[in-house]
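Right, one structure below, let's go through it.
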Protein chains: 2
Amino acid sequence: MIININMNEREIFTSFLKRKGLKMTQPRETVLQAFLAHEGHLTTEDILHASRMIDASIGQATVFRTMKLIAEAGLARDACQDDGPRKYEHAYLHSHHDHLHCIGCGKVIEFFDPDIEQAQEAIFKQYGFTAIGHRMELQGLCAECSAQQDKTRTQP
Amino acid sequence: MIININMNEREIFTSFLKRKGLKMTQPRETVLQAFLAHEGHLTTEDILHASRMIDASIGQATVFRTMKLIAEAGLARDACQDDGPRKYEHAYLHSHHDHLHCIGCGKVIEFFDPDIEQAQEAIFKQYGFTAIGHRMELQGLCAECSAQQDKTRTQP
DNA sequence: AATTTAATTGATAATGATTATCAATATCAA
DNA sequence: TTGATATTGATAATCATTATCAATTAAATT
């Protein structure tokens, strides 16, 4: 039996599965624990590695399948970068952070803005939605990349 | 010569290419016009079809390559759905709309919130960024899906 | 506890989207 | 016009994800 310090999330996942007529299994529990044990933006491959530290026999397909369910249960969300494989991040009991992305150098700054959070709540309410999560990415040029671009820009 | 009612966007793209040491070509112009002529969330395949209405000899790879450049130039952005192929939407001289997504039934509502737009501007400023665009998706359950889920939920 | 039913698993093949390769061609600066 | 270099479309290759399937496992029922 795996020691579990995230009983809350486990319960959420279990009850989600039950509601869907699905079963809580050992592989699913392993993938959940592996995901919960790591912060940040995790690819399915990252989660596969982490899962195999717990149980070396976990298959890749199981990780794909289980992460879809975990996301559906509201415990993970797609971090949604433009390129590369899908990246998951924690979505439960984690402060919502958003991303400020420099398309010049690729740098990503994470930030949290209570005003935006509040405005989002208002939108959910206005449309009669139950809030589950959100994802926001601001795209721009950081100070350095802006400066660099100005040098090469022709005058209008 | 293709008639072009979007001289502004064409100029932006041309100067972007020049800055990068790249060339404005007929295929690139065709893809840009095809993209600009259609609103909504367009897959690369959609854009390929539209491009071939203008010039039947356009290759698929050219559409992929050109759309990447158009996005880099700030004229398109990834609409960023969770599944399926990448979808582009217009990002220049179009009111920024954001997405409210029901993860129950999949419905997507587009909305515009000036408060959020303003808060985003503030973030760009705070971090010294030049704003280019943004993408935001709120995820939740619509009224109907919420109601349906309540019925099947066990009491806590 | 044994049985039954249906979901789940991991391995593999298959798919779908995107990217790399390459010889022929087109663009642009000089 | 010419020459250097970027671009093209077709094709093959790659990458991420999904479908398939026989063997296994979980949970409901006896």
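Quick note: numbers below take in every heavy atom, side chains included, and nothing from hydrogens, waters or symmetry partners. Naming: A, B, ... by sequence-line order, numbering from 1 per chain.
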Residue mapping more 5' on DNA chain C - nearest nucleotide basis, B:T25 or A:V63: A:V63

Cationic N near anionic O, under 4.0 Å, A:K68 to A:D78: no

Base, sugar-phosphate, or nothing: which does B:K68 touch, judged by heavy atoms less than 4.0 Å apart? sugar-phosphate

Taking B:I12's backbone N and O only, do any of them form a donor-acceptor pair with B:S15's side chain (distance below 3.5 Å, no angle check)? yes

Quick check for you: among C:dT19, D:dA27, D:dA16, whose closest atom lies nearest to any side-chain atom of A:P85? D:dA16

Are B:F64 and B:L75 joined in one hydrophobic group, where the rule is that I, L, V, M, F, W and Y side chains link up if heavy atoms are under 4.5 Å apart? no

Please give, in whole Å, the distance from C:dA7 P to A:F16 CZ? 15 Å

Could you list the protein-to-nucleotides 2-5 of chain C atom pairs, N/O on both sides, closer than 3.5 Å?
none

Are B:I116 and A:Q120 close enough that some pair of their side-chain heavy atoms sits under 4.5 Å apart? yes

Give a yes or no answer on whether the side chain of A:R28 reaches the backbone of A:K23 with a donor-acceptor pair at less than 3.5 Å. yes

Length of the line joining A:R65:CZ and D:dT18:C1', which is rounded to integer Å: 9 Å

The nucleotide from C:dT21, C:dT27, C:dA29 with an atom nearest the side chain of B:K18 is C:dA29

Integer-rounded Å distance: D:dA26 C1' and A:E29 CD: 13 Å

Choose from D:dT17, D:dA19, D:dA27 the nucleotide whose nearest atom is closest to any side-chain atom of A:R86. D:dT17

Round to the nearest Å and state the distance from A:F64 atom CZ to D:dA16 atom P. 8 Å

Would you find a donor on one side and an acceptor on the other, under 3.5 Å apart, between the side chain of A:H99 and the backbone of A:Q139? no

By nearest atom, which of the nucleotides D:dT7, C:dT21, C:dA17 is closest to the B:L22 side chain? D:dT7

Residues A:L69, A:L22; criterion side-chain contact (heavy atoms from CB on, under 4.5 Å); working and verdict: CA-CA 10 Å; A:L69 293 171; A:L22 307 176; 4.0 Å; yes

Is there a donor-acceptor pair under 3.5 Å between the side chain of A:H90 and the backbone N or O of A:F35? yes

Check the distance between D:dA27's C1' and A:Q26's CD and give it to me in whole angstrom. 15 Å

Compare the minimum distances between each of D:dA10, C:dT18, D:dA19 and the side chain of A:A61, then state the nucleotide with the smallest one. D:dA19

Answer yes or no: does a side-chain N or O of A:S57 lie under 4.0 Å from OP1 or OP2 of C:dT9? no

Counting only heavy atoms not in B:E72, do more than 12 sit closer than 6.0 Å to its CD atom? yes

Given 3.5 Å as the limit, does a donor-acceptor pair link the side chain of A:R135 with the main chain of B:M136, or not? no

Which nucleotide in D:dT8, C:dT18, C:dT27 has an atom nearest any side-chain atom of B:P27: D:dT8

List in numerical order all residues of residues 44-51 of chain A for which some heavy atom is under 4.0 Å away from an atom belonging to DNA chain C. none

Hey, does A:R28 reach any base, or is it just sugar-phosphate, or nothing, if we go heavy atoms under 4.0 Å? sugar-phosphate

Looking only at D:dT17, D:dT8, C:dT18, the nucleotide nearest the B:Q60 side chain is C:dT18

Rounded to whole angstrom units, what separation is found between the CG atom of A:D83 and the P atom of D:dA16? 12 Å

Let me know the distance between CG of A:L17 and C1' of D:dA27, rounded to the nearest Å. 13 Å

Output the rounded distance in Å from CD1 (B:I58) to P (D:dT7). 14 Å

